[in-house]
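Single-structure report; data block below.
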Amino acid sequence: MSPVITPAAATAVVNGYELRAQFARADAYAVSRPRLLRGLLRTAQHVAEVPCGAGHFLADYADFGVRTTLIDGSAAMLAVATAHAADIGLPADRTHADVQYVQELGELADVDLLVMPNAALNQLACQTPLAELLAAIHNALRPGTELLAQVLCTHPGGEIDTAGCYAPIRQHGVWFADRYLDPSRAGGAVLRRRRQHQHHEGNGAVRVRVEFDYVGTASVSLLITSVELRLFSAEELAAALTSAGFSRLRFLPGYGELSDVAAQAGGGDVR
């Protein structure tokens, strides 16, 4: 399958995303670790986090002594991630950083675990159709490489996962205090406010738009920015992964947190 690449859409998103770089490290601290991560790290030699933002699970990579590649479309965000990795204690000679769009990943020949954190797949699916996006990722991986993604999913009965950036039980369309921040890690911001919107599309898909307002010590807004996420069901996600060439699918539903999905590049039976 030839992936459909949308560089103009990706560039527009990354340009806005770069504005959040100074706050990204504080945001990353609130992301829960995927439940499948440490089990996969036991057999991994080289992990890539894509898109890495400020770096989400660097302490786990350091604990397991794996080589680490950090990939992001934003050079500013990647600089934050590299500094974060050094602070965590990841050895510089075993840590690599690369500016790439996920939709245009180059070959990751010796990576045996690729981690997509914090609903990144949901955000990217707003720019590129899910199946084509996963095909582009699959094309970058050697057979047998594991993919682990944290995803926002819908579940039977209308239940929706919760993430650090989105909680479906919260009132939509109004600002609320989301998180208090350490200003030394958040570009001088002491508070992140959030306003979220949910839209049901005609085909049954759900899109979410979340606005963030980073507020400084003088109660002055330092930046208002937003992200969009496309939610999908476990069945839709499984079909897209299989279509893209992944197998050995494992799915842990979130029900109050992000869902985990793991799959392996190459052949084999889906389970």
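Just so we're clear, the structure is a prediction, and the values are computed from it rather than from any experiment. In this chain, residues are counted from 1 in sequence order.
Using a 4.5 Å heavy-atom cutoff, the side chains of Met116 and Leu147 are in contact. Counting heavy atoms from C-beta outward, Gln150 and Asp260 have side chains that approach closer than 4.5 Å. Counting heavy atoms from C-beta outward, Phe23 and Leu181 have side chains that stay 4.5 Å or more apart. Here the side chains of Ile71 and Cys52 are not in contact, with every heavy-atom distance at 4.5 Å or above. At a threshold of 4.5 Å between non-hydrogen side-chain atoms, the residues Leu133 and Gln103 count as touching. For the pair Asn122/Arg230, no side-chain contact is recorded, criterion being any heavy-atom separation below 4.5 Å from C-beta on. Proximity of Glu228 to His199: side-chain heavy atoms (C-beta onward) are nowhere separated by under 4.5 Å. Taking the side chain as every heavy atom from C-beta outward, Leu121 and Leu134 approach each other to under 4.5 Å.
Listed by chain and residue number, Arg194 satisfy the side-chain hydrogen bond (donor to acceptor under 3.5 Å, both in side chains) test with Gln196 (two or more places apart in sequence, or in another chain). The side chain to side chain contact (heavy atoms under 4.5 Å, CB included) check on Ala86 picks up nothing, with sequence neighbours excluded. Take His197 and apply the side-chain hydrogen bond (donor to acceptor under 3.5 Å, both in side chains) test, not counting sequence neighbours, and it matches Glu211. Applying the side chain to side chain contact (heavy atoms under 4.5 Å, CB included) criterion to Pro183, with sequence neighbours excluded, gives Val190. By the side chain to side chain contact (heavy atoms under 4.5 Å, CB included) test, Gln45 is found to be paired with Asp112, residues two or more places apart in sequence or in another chain being considered.
Nearest approach of Ala244 to Ala131, heavy atoms of both residues: CB-O, 4.2 Å. Counting all heavy atoms, side chain and backbone alike, Gly256 lies closest to Thr162 at O-CB, 3.5 Å. Annotation for Ser233 and Cys153: closest pair C-SG, 4.4 Å, computed over non-hydrogen atoms.
Residue pairs meeting the salt bridge (charged side-chain N to carboxylate O under 4.0 Å, His left out) criterion with at least one partner in residues 37-46, sequence neighbours excluded, are Arg38-Asp60, Arg38-Asp63. Applying the salt bridge (charged side-chain N to carboxylate O under 4.0 Å, His left out) rule to pairs touching residues 151-162 yields nothing, sequence neighbours excluded. Within the structure, ring pair (Phe, Tyr, Trp, His ring centres under 6.0 Å) pairs that include any residue of residues 143-165 comprise His155-Tyr255 (at least two apart or interchain). Evaluation of the side-chain hydrogen bond (donor to acceptor under 3.5 Å, both in side chains) test over residues 164-177, restricted to residues two or more places apart or in two chains, returns Tyr166-His172, Tyr166-Gln198. Residues in residues 25-55 take part in these ring pair (Phe, Tyr, Trp, His ring centres under 6.0 Å) pairs, two or more places apart or across chains: Tyr29-His84. Each side-chain hydrogen bond (donor to acceptor under 3.5 Å, both in side chains) pair with one or both residues in residues 214-223, not counting sequence neighbours, appears once here: Asp27-Tyr214, Asp213-Ser221.
Between the NE2 atom of His56 and the CZ atom of Arg33 there is a distance of 14.0 Å, given to the nearest 0.5 Å. Here Arg195 contributes atom CZ and Phe176 contributes atom CZ; the two are 11.0 Å apart, rounded to the nearest 0.5 Å. The CD atom of Gln22 sits 7.0 Å away from atom CG of Leu223, with the distance rounded to the nearest 0.5 Å.
Residues Ile160 and Val210 share a hydrophobic cluster, clusters being chains of Ile/Leu/Val/Met/Phe/Trp/Tyr side chains in contact below 4.5 Å. When the side chains of ILVMFWY residues are joined at heavy-atom separations under 4.5 Å, either directly or via intervening members, Val215 and Val227 end up in two distinct hydrophobic clusters.
Side-chain atoms of Thr145 do not come within 3.5 Å of backbone N or O of Ala265 as any donor-acceptor pair. With hydrogens and angles ignored, the 3.5 Å screen pairs no side-chain donor or acceptor of Glu146 with any backbone N or O of Ala262. A distance-only check finds a donor-acceptor pair linking the side chain of Thr242 to the backbone of Ala238 [under 3.5 Å].
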query = Ser184 and Asp182: side chain to side chain donor-acceptor pair (under 3.5 Å), yes or no, with the steps?
reply = CA-CA 5 Å; Ser184 67; Asp182 177 349; 2.7 Å; yes
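Under the 4.0 Å criterion applied to side-chain N and carboxylate O atoms, Asp87 and Arg185 are not assigned as salt-bridge partners.
By the 4.5 Å side-chain criterion applied to Ile, Leu, Val, Met, Phe, Trp and Tyr, Ile88 is assigned to a cluster that also includes Val31, Leu36, Leu37, Leu40, Leu41, Val47, Phe57, Leu58, Tyr61, Phe64, Val66, Leu70, Leu78, Leu90, Val99, Leu113, Val115, Leu148, Leu252.
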